[in-house]
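Below you'll find the structure, written out as structure tokens, and then a few comments.
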Amino acid sequence: MNYQPYQGLGNLSIGNASRSYAGGSGSSGQELTVQEFENVRERIRREGTYGLARPQYSYISMITMAIQKSPTRQLALPDIYNWITELFPYYQNHQDDGWQNSIRHSLSFNDCFMKVARSPNKPG
DNA sequence: ACCTAATTCAACA
DNA sequence: TGTTGAATTAGGT
């Protein structure tokens, strides 16, 4: 099963600024925006790695980034895991700390992700 | 103080 | 692998 960002009616879509769950709600830190993603890549370029510290980015925004950065805008669950672990080494060392469970929870819970049967997909 | 949303733990299918 | 609920946490108002 693959996931893609919700492309439906207006205000739930991904890049939407009206959300502002940035530093906003929950126990999470900040949002992984496009700009933030560039900062991360810059940091990796300079230091060789992001480092072992746990990123404060919300799962939602990391999932969103992973899907957005994928050429097809669709990812399977393991692809999302891999994308996150490759970017942030922290999650390599904490493979079974429940964050993958939280990823799944986010995908199911949030309406902003759609399941897509994997086979023919017409980008619209 | 209250509302909302992200996270965590966990049952269950 | 995917859904769902409850509890916790923390920012915004």
Side-chain angles (χ1 to χ4, degrees):
Chain A
M1 208 68 89
N2 289 6
Y3 291 93
Q4 72 178 165
Y6 184 72
Q7 307 180 325
L9 313 106
N11 56 351
L12 280 182
S13 94
I14 287 302
N16 199 320
S18 71
R19 268 300 213 177
S20 96
Y21 48 130
S25 36
S27 49
S28 62
Q30 53 180 143
E31 182 180 5
L32 183 59
T33 60
V34 181
Q35 181 58 65
E36 266 301 307
F37 180 68
E38 291 308 316
N39 295 345
V40 169
R41 290 184 61 188
E42 174 68 12
R43 173 171 170 175
I44 292 175
R45 188 188 64 74
R46 286 201 323 271
E47 305 181 20
T49 178
Y50 181 86
L52 295 175
R54 173 176 177 158
Q56 63 275 56
Y57 307 114
S58 74
Y59 293 133
I60 310 282
S61 58
M62 289 192 294
I63 296 168
T64 300
M65 252 310 169
I67 297 177
Q68 266 183 347
K69 287 296 176 182
S70 93
T72 162
R73 272 171 65 86
Q74 296 179 29
L75 286 182
L77 187 56
D79 297 328
I80 299 176
Y81 294 157
N82 291 334
W83 189 90
I84 292 177
T85 51
E86 283 169 22
L87 197 64
F88 305 115
Y90 168 88
Y91 293 106
Q92 294 171 13
N93 299 48
H94 300 75
Q95 246 190 346
D96 215 15
D97 277 12
W99 64 272
Q100 300 183 334
N101 194 351
S102 295
I103 294 287
R104 276 182 252 125
H105 186 273
S106 298
L107 288 167
S108 294
F109 182 75
N110 271 285
D111 323 5
C112 52
F113 302 110
M114 290 188 74
K115 282 191 313 185
V116 162
R118 43 155 159 207
S119 38
N121 287 295
K122 282 291 182 181

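Sequence lines set the chain letters: A, B, ... in the order given, protein chains first and strands last, and positions in each chain run from 1. Just the heavy atoms: all of them, side chains too, but no hydrogens, waters or symmetry mates, feed the values below. Quick caveat: nothing in here was measured; it's all calculated off a predicted structure.
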Does OP1 or OP2 of B/dT8 have a side-chain N or O of A/Y59 closer than 4.0 Å?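 Affirmative; the distance criterion is met.
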
All N/O pairs under 3.5 Å across the protein-nucleotides 9-13 of chain B interface:
from, atom 1, to, atom 2, distance (Å)
B/dA10, N7, A/N101, ND2, 3.1
B/dA10, N6, A/N101, OD1, 3.3

ring-ring contact (aromatic ring centres under 6.0 Å, His included) partners of residues 61-80 of chain A, not counting sequence neighbours, each pair once: none

Rounded distance in Å - [atom1] ([X]) to [atom2] ([N]):
{"X": "A/F109", "N": "B/dA5", "atom1": "CZ", "atom2": "P", "answer": "9 Å"}
{"X": "A/Y81", "N": "C/dT1", "atom1": "OH", "atom2": "C1'", "answer": "8 Å"}
{"X": "A/L32", "N": "B/dA6", "atom1": "CG", "atom2": "P", "answer": "15 Å"}
{"X": "A/Y57", "N": "B/dT7", "atom1": "OH", "atom2": "C1'", "answer": "18 Å"}
{"X": "A/Y91", "N": "B/dT8", "atom1": "OH", "atom2": "P", "answer": "8 Å"}
{"X": "A/Q56", "N": "B/dA6", "atom1": "CD", "atom2": "P", "answer": "16 Å"}
{"X": "A/Q30", "N": "C/dG12", "atom1": "CD", "atom2": "P", "answer": "13 Å"}

Do any N or O atoms from the side chain of A/S61 and from the backbone of A/E31 form a donor-acceptor pair under 3.5 angstrom?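 Not confirmed, A/S61 side chain does not pair with A/E31 backbone.
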
Without placing hydrogens or testing angles, list every side-chain donor-acceptor pair under 3.5 Å for residues 82-91 of chain A, not counting sequence neighbours.
from, atom 1, to, atom 2, distance (Å)
A/N82, ND2, A/P78, O, 3.2
A/T85, OG1, A/Y81, O, 3.0
A/T85, OG1, A/N82, O, 3.0

Going by side-chain hydrogen bond (donor to acceptor under 3.5 Å, both in side chains), name the residues that satisfy it together with [X], two or more places apart in sequence or in a different chain.
{"X": "A/R54", "result": "A/Y59"}
{"X": "A/Q35", "result": "A/N39"}
{"X": "A/R46", "result": "none"}

From the list B/dT8, B/dA6, C/dT1, which nucleotide is the closest neighbour of the side chain of A/R54? B/dT8

